[in-house]
Amino acid sequence: MFNKRTKIKELLQSAKTDIPCTVMGWVRTFRNNQFIALNDGSTNNNIQVVVALGAFPDETLKRITTGACIKASGTLIASVGKGQTVELKADEIEILGDSDAEKFPLQPKKHSLEFLREIAHLRFRTNTFGAVFRVRHALAFAIHEFFNRKGFVYLHTPIITASDAEGAGEMFKVTTLPLDGTAPKNEDGSINFKEDFFGRSTNLTVSGQLEGELAAMAFSDIYTFGPTFRAENSNTARHLAEFWMIEPEMAFYDLEDNMNLAEEFIRHIIKYALTHNREDLEFLAQRLEEEEKQKPQQDRSEMGLIEKLEFVVNNDFERVTYTEAIEILRESNHNKKKKFQYLIEGWGIDLQSEHERYLVEKHFKKPVILSNYPKEIKAFYMRQNDDGKTVAAMDILAPGIGEIVGGSQREERLDKLMERMNEMHIPAEELDWYLDTRRFGACKHAGFGLGFERLVLFVTGMTNIRDVIPFPRFPKSASF
RNA sequence: UCCUCCUUAGCUCAGUUGGUUAGAGCAUCUGACUGUUAAUCAGAGGGUCGCCCGUUCAAGUCGGGCAGGGGGAGCCA
């Protein structure tokens with residue numbers, strides 16, 4: 001058996017000293033030909049491996065370079081120096097994998113996030129990305145834990161979908177037909193997808209919601225958590241072509257039930273990270289604080305990262321209707337002094353980023369749930385309100401991120417739904433299977449979608465979505 | 001896709017009104033030192049100035065195009 005070692009996280013918490021132990025990990029720095037800062041990813045903290053002078057041949061010492069993988073065995077002792085409580089006095093050191101220091105791109109110094117993005121395959125070995133991806137893991141785990149505890153069924157919706165009528169954005173085509181112009185054609189010159197692998201045209205999913213609704217009509221409460229693909233040419237710090245989405249769908253829920261669940265859900269997973277990933281979050285908070293020092297005073301956030309997360313956990317989200325929000329914005333000094341690029345004049349327009357930011361960051365200074373939007377700016381499946389103008393939709397806006405959740409009560413009345421689909425030119429025959437939920441035992445139901453990476457952004461305090469997914473896909477980029 | 005800024009050593013950046021051989025800090029290598037904390041000290045190596053075209057006696061520097069990146073916007077999660 002090879003893996004007879006103790007993880008560094010466990011060793012650093014050890015109450016006992018003067019015990020024999022073995023560690024394996026990657027060298028962060030080798031100081032003074034004596035002190036190895038070793039990391040194995042179990043925690044952001046390194047263990048200091050002490051190499052007694054003259055105890056090892058120069059040949060071995062030369063191979064202890066930044067990035068090298070080593071195994072060290074010895075005794076865990078109370079640290080002689082300051083800066084750590086315990087350290088490993090090494091009796092044996094084995095180089096498991098060499099790392100040419102001249103070629104290894106990570107140096108014992110601060111690197112820019114832009115540079116690290118170019119070497120995303122190695123950035124896990126930095127403090128920042130170590131913390132980010134451990135937090136990402138914890139959030140994913142907390143999500144499953146939350147829904148499992150509430151009796152939700154985790155539903156795997158398809159990644160390859162036949163439907164192209166979900167209306168959630170541009171889709172990536174999936175085909176095995178040749179791309180050199182020799183694909184079989186119909187008489188009118190279009191591609192004959194009957195000859196394709198699935199016997200029809202297929203795409204990568206843009207949302208599992210419609211399939212989720214089907215399952216909610218049997219299990220009552222379900223959620224999906226999987227990858228989603230959008231072929232939009234979006235070049236922003238908040239969009240990815242491949243991202244992960246959580247989509248719960250609940251029978252017998254109205255819009256308010258939906259908002260209550262979404263709020264409880266966000267609170268719970270943040271609380272989970274605060275208790276289980278305290279060290280990582282503290283590291284990220286410090287990183288953010290240092291970054292903010294570079295900014296002019298008025299651009300700095302009022303709260304530190306931990307403070308902000310605790311605030312979200314301990315305070316109710318503000319709930320306002322679209323109509324109330326428009327009123328607040330129209331009456332704001334910001335609007336009167338014409339500081340918005342798009343001034344608020346009337347009811348019915350979609351809110352711009354600047355408006356959402358004003359509501360969340362300036363007016364309420366906390367997460368906001370906006371509800372009951374004009375039907376013209378929302379999707380066909382959202383339940384039409386009795387006023388004839390609005391639908392039972394809700395978005396949760398988070399400070400610094402913008403829209404983090406989008407959800408609605410669904411239109412369960414077949415006639416109303418088909419009427420709306422007709423108005424929006426959505427072909428009913430393609431969604432016949434979806435309409436069956438309304439034909440056979442329909443009921444009030446609701447759900448929402450939460451962009452996982454946006455949640456990770458919010459919790460880690462990172463600002464670019466490409467830095468919170470291990471291998472980001474975006475226009476003109478699919479490396480690794 | 002639009003607006004805007006940027007691209008000089010492995011990394012982060014200086015580089016004057018266009019003018020000899022393009023600089024610094026960190027990193028790397030060599031040596032010294034040895035309880036260090038991104039160790040310290042001394043020395044060395046390291047450049048097709050993003051790419052193409054143009055203006056000019058002369059371009060890192062001026063102009064145009066392209067590519068890549070940052071910030072903002074749209075689409076959205």
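The chains referred to below are lettered A, B, ... by the order of the sequence lines, with proteins before strands, and numbering in each begins at 1. Because the structure is predicted, anything quoted here is derived from the model rather than measured.
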Per A:A237 side chain, nearest of listed nucleotides B:rG35, B:rA27, B:rG71:
B:rG71
Among B:rC76, B:rA38, B:rC75, which nucleotide sits nearest the side chain of A:S234?
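The nucleotide sitting nearest to the side chain is B:rC75.
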Rounding to an integer number of angstrom, what distance separates B:rU55 and B:rC11 when you compare their C1' atoms?
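Result for the C1' pair: 35 Å, nearest Å.
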Roughly how far apart, to the nearest Å, are B:rU48 and B:rA73 at atom P?
38 Å
Taking salt bridge (Lys or Arg N to Asp or Glu O under 4.0 Å) as the definition, give me every residue that meets it alongside A:E361, ordered by chain and number, with sequence neighbours left out.
none
For A:K89, enumerate each residue passing the salt bridge (Lys or Arg N to Asp or Glu O under 4.0 Å) test, keeping only those at least two apart in sequence or located in another chain.
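By the salt bridge (Lys or Arg N to Asp or Glu O under 4.0 Å) rule, A:K89 matches no residue at all.
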Mind telling me whether [Y] and [X] have parallel, tilted or perpendicular rings, with 30° and 60° as the class edges?
X	Y	value
A:W347	A:Y322	perpendicular
A:F147	A:Y223	parallel
A:F133	A:F124	perpendicular
A:F452	A:F225	perpendicular

Here the distance between atom C1' of B:rU12 and atom CD of A:Q107, to the nearest Å, is 10 Å
So what does A:Q84 hit on the nucleic acid, given a heavy-atom distance under 4.0 Å: a base, only sugar-phosphate, or nothing?
base
Hey, does A:P105 reach any base, or is it just sugar-phosphate, or nothing, if we go heavy atoms under 4.0 Å?
nothing
Between A:E264 and A:K150, is there a side-chain N and carboxylate O pair less than 4.0 Å apart?
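So A:E264 pairs with A:K150 through a salt bridge.
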Are any protein N/O atoms closer than 3.5 Å to N/O atoms in nucleotides 66-70 of chain B? If there are, list each pair with its distance.
| unit_1 | atom_1 | unit_2 | atom_2 | d |
| --- | --- | --- | --- | --- |
| B:rG70 | OP1 | A:R117 | NH1 | 2.3 |
| B:rG70 | OP2 | A:R466 | NH1 | 3.3 |

Is A:K62 positioned over the aromatic face of A:F30, cation under 6.0 angstrom from the ring centre and no more than 45 degrees off axis?
no
With a 4.0 Å cutoff (strictly under), does any side-chain N or O of A:Q352 reach OP1 or OP2 of B:rG74?
yes
Can you pull every protein N or O that's under 3.5 Å from an N or O on nucleotides 45-49 of chain B?
none

Below 4.0 angstrom, which residues in residues 25-42 of chain A have at least one non-hydrogen atom near RNA chain B?
A:T29, A:R31, A:N32, A:Q34, A:F35
For A:Y381, run the side-chain hydrogen bond (donor to acceptor under 3.5 Å, both in side chains) check against A:E213, A:Q409, A:Q209 and tell me which one passes.
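Among the candidates, only A:Q209 passes.
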Ranges pairing with ranges for RNA chain B, where each run has three or more Watson-Crick or G-U pairs under 3.5 Å:
B:1-7 with B:67-73, B:10-13 with B:23-26, B:28-32 with B:40-44, B:50-54 with B:62-66
